[in-house]
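This report concerns only the one structure given below.
These numbers were taken from a predicted model, which means no experiment stands behind them.
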Amino acid sequence: METINEKYDLKIEVLTPLSIGAGSEKDWVKGVDFVVNKGKIYKLNLKKIVKEGVNIDQLTSFFASKNEQGIINLITEPKLEKVSDFVMPLPADSPNDIKAFIKNQLTGKPILAGSSLKGAIRSILFDYLRDREPDEKQVFGSSVKGDEFMRFIKISDAEFDGTSLVNTKIFNLQKKGNWIGGWKHGGKETGDKYKSTGFNTIYECLKPNQSGLASIMLSLSQFDKIDNHSCQQEKRGILNNDLFEVVNNHTKEYLKKEKAFFEKYSADKTDLIIESIDKLLNLIPSDNSYCILKMSAGSGFHSITGDWQFEDYSRTGVWNSGRNNGKQKYKSRKIAVWGEHFDLMGFVKLTAISEEEKEKEQLAREALAREQAEKEEEFARFYKLAEDACSSEQWTEVLQYVEKAERIFPDRLSRFDSLKSIANEYIKLQEQQKAIDEAKQKEEEERRIANSVPLAEKIADMNKIPTLCGNVKQWMKYNELRELTEDDKVVLKSKLLDLGKSLKEKEFKKQMNSSINDLTLILGQDLARQWFDEIVKG
């Protein structure tokens with residue numbers, strides 16, 4: 001940054017989870033703005049809920065009592081994703097509202113406000129320019145007098161693509177003889193071991209590796225017209241020569257003091273915090289070609305104007321009065337926890353880029369946005385096709401569309417859960433029916449083979465008349481015979497006479513009486529009666 005009255009384009013890259021609050025009135029309230037179901041947060045959209053025909057009177061009642069389960073039951077699980085702006089994994093259970101990120105009112109996308117960026121830079125410049133002066137007005141001047149230093153720096157907002165939810169925990173000092181480190185799990189509970197829940201807050205954040213574009217405008221020539229204080233006169237050139245250097249030096253010192261704090265008050269997981277700090281320190285360039293800056297939510301006392309008061313963060317003294325009397329000063333830190341990462345919040349990388357680089361970045365972002373829009377459209381199309389396939393009971397096709405949707409957005413398949421469940425259930429039933437049909441078919445084939453023998457062989461082992469008659473009827477069916485041949489009649493009669501000899505007279509008559517109807521079907525009424533009289537009555 002060598003000239004004055006210039007506009008510089010900046011690329012802003014997120015290094016640790018960054019949250020810029022939209023205001024407490026925008027925070028998400030559980031059982032009103034969102035519900036949690038099966039480990040996921042559903043950010044509800046009232047217009048979509050109305051469109052789905054949900055009973056608004058009942059819904060209003062549930063909202064009033066923050067009845068989360070009542071809302072889920074009323075909307076019904078299959079519709080939850082359809083009536084939500086988005087669905088995100090729940091990083092941890094928390095009783096607190098979710099801290100919402102500020103959005104562009106037109107696009108709905110998250111923005112890093114230029115005022116937030118300017119505020120972070122202002123704190124660093126105050127520390128650099130103050131020359132032991134504790135009064136900001138003496139350093140920066142007054143807007144009333146028209147000599148306010150920072151009004152000649154303008155920073156635009158930067159828009160980003162999307163946010164994620166990140167859990168935060170408070171690292172706190174506790175007194176057990178000496179002051180030692182721990183994690184706050186309740187209003188008066190600080191423990192040695194880390195737990196993801198208990199006195200935690202979930203933030204809507206920009207995650208690391210996201211980037212946005214902004215511009216910084218410097219009207220430094222105006223300072224020559226202002227009667228500046230000596231501390232400003234001496235170091236005014238910082239803004240057009242060494243801004244990145246000053247930011248990096250400040251960040252480096254801040255990180256070193258924070259590292260020393262966690263080394264002194266080590267506890268469970270502080271090794272991971274120190275590891276994160278070391279990574280940030282290693283990112284600070286020796287040539288100041290870019291700068292590393294800490295800002296926004298979770299910054300804490302030591303990264304705002306108060307930072308200059310202490311050379312050593314581990315020795316900040318104790319309060320001498322008030323409700324904190326006797327307690328260690330500035331003893332807590334808000335830590336962002338995501339995956340295996342334990343990070344200080346709000347670090348970004350600022351890089352000055354050329355007009356060509358900016359255009360290239362914008363084109364890349366536009367291409368990415370188009371690709372995302374195409375994916376969204378394709379995902380929605382597969383959902384509609386899956387719905388239609390479900391309506392027409394094409395269960396295999398339902399699963400095929402789900403599989404195609406999974407390739408696009410693997411983390412959004414909860415929307416398909418109901419359709420997938422229905423399809424799998426019916427496919428299971430179809431497979432069971434297929435198995436039953438195959439067993440029947442196999443059984444039928446075995447019967448066909450068993451009945452392809454002569455009648456004499458089929459009934460040779462029969463020793464009961466009802467069984468005999470049943471097998472004769474089956475044999476006739478499989479051989480497509482409406483009546484027996486004369487030879488087969490001789491075989492059957494002979495078998496009946498043999499059974500008459502082998503069975504007791506009373507049992508034989510009983511079996512013949514019970515089988516007369518079957519004999520009638522086999523022989524016809526006249527012949528059956530004739531045989532009965534001959535065989536039974538003699």
Side-chain angles (χ1 to χ4, degrees), residues 10 12-20 112 116-117 119-130 166 168-173 181 183 203 205-210 238 242-316 328-338 340-351:
L10 295 175
I12 304 171
E13 298 172 79
V14 180
L15 301 178
T16 65
L18 172 67
S19 174
I20 300 178
L112 191 163
S116 297
L117 195 56
I121 292 173
R122 185 182 192 279
S123 294
I124 293 173
L125 291 180
F126 172 72
D127 186 37
Y128 180 79
L129 296 171
R130 68 184 186 84
V166 174
T168 64
K169 287 287 293 183
I170 292 177
F171 183 87
N172 198 32
L173 299 188
W183 295 95
Y203 283 81
C205 288
L206 297 177
K207 279 278 196 76
N209 300 319
Q210 290 183 261
I238 180 62
D242 305 305
L243 178 58
F244 281 7
E245 181 181 355
V246 171
V247 172
N248 280 331
N249 288 341
H250 183 279
T251 301
K252 188 182 297 182
E253 290 305 308
Y254 167 79
L255 287 170
K256 286 180 179 178
K257 288 187 278 188
E258 284 289 77
K259 180 178 178 180
F261 172 86
F262 286 105
E263 286 176 335
K264 179 174 181 178
Y265 300 113
S266 63
D268 186 26
K269 305 297 184 183
T270 50
D271 57 326
L272 297 177
I273 300 173
I274 292 169
E275 181 182 316
S276 173
I277 291 172
D278 282 336
K279 287 180 180 178
L280 291 168
L281 282 168
N282 290 332
L283 282 175
I284 298 175
S286 58
D287 61 358
N288 299 304
S289 53
Y290 58 84
C291 70
I292 306 297
L293 174 70
K294 182 173 175 63
M295 60 180 296
S296 299
S299 293
F301 175 80
H302 291 300
S303 61
I304 56 177
T305 307
D307 175 69
W308 56 269
Q309 295 182 30
F310 302 101
E311 293 296 327
D312 183 345
Y313 293 166
S314 64
R315 296 193 301 170
T316 54
Q328 184 84 16
K329 288 183 177 180
Y330 318 118
K331 62 188 179 70
S332 63
R333 303 289 191 277
K334 186 162 285 185
I335 306 299
V337 183
W338 53 291
E340 298 300 316
H341 301 275
F342 283 68
D343 292 334
L344 301 177
M345 294 181 72
F347 281 92
V348 296
K349 173 183 174 182
L350 306 181
T351 307

Note: Leu293 and Thr251 closest approach over all heavy atoms is CA-OG1, 4.1 Å
Where the side chain of Thr16 meets the backbone of Gly346, is there a donor-acceptor pair that is under 3.5 Å apart?
-> yes
Between Phe171 and Phe262, does the ring centroid distance fall short of 6.0 Å?
-> yes
Sidechain-backbone polar pair: Lys294 side chain, Met345 backbone, donor-acceptor under 3.5 Å | yes
Work out which heavy atom in Leu272 is nearest to a heavy atom in Glu340; give both atom names and the distance.
-> CD1-O, 3.8 Å
Run the numbers on Val247 and Ile292 for side chain to side chain contact (heavy atoms under 4.5 Å, CB included), then give the verdict.
-> CA-CA 7 Å; Val247 172; Ile292 306 297; over 6 Å; no
Once the angle between the rings of Phe342 and Trp183 is folded into 0 to 90°, is it parallel (under 30°), tilted (30 to 60°) or perpendicular (over 60°)?
-> perpendicular
What are the two closest heavy atoms between Ser289 and Thr351, and how far apart are they?
-> O-CG2, 4.4 Å
So, are Lys279 and Glu275 salt-bridged, with charged N and O less than 4.0 Å apart?
-> yes
Would you mind reporting whether Val14 and Lys207 have side-chain heavy atoms less than 4.5 Å apart?
-> no
May I ask you to test the Met295-Leu112 pair for a side-chain heavy-atom distance under 4.5 Å?
-> yes
State, to 0.1 Å, how close Asn172 and Ser332 come at their nearest heavy-atom pair, and which atoms those are.
-> OD1-CB, 3.6 Å
Does Pro17 reach the side chain of His341, with side-chain heavy atoms less than 4.5 Å apart?
-> no
Taking every heavy atom of Ala336 against every heavy atom of Val166, the minimum-distance pair comes out as CB-CG1, 3.9 Å
Among Leu206, Leu18, Leu15, find the one that has a side-chain contact (heavy atoms from CB on, under 4.5 Å) with Val348.
-> Leu18
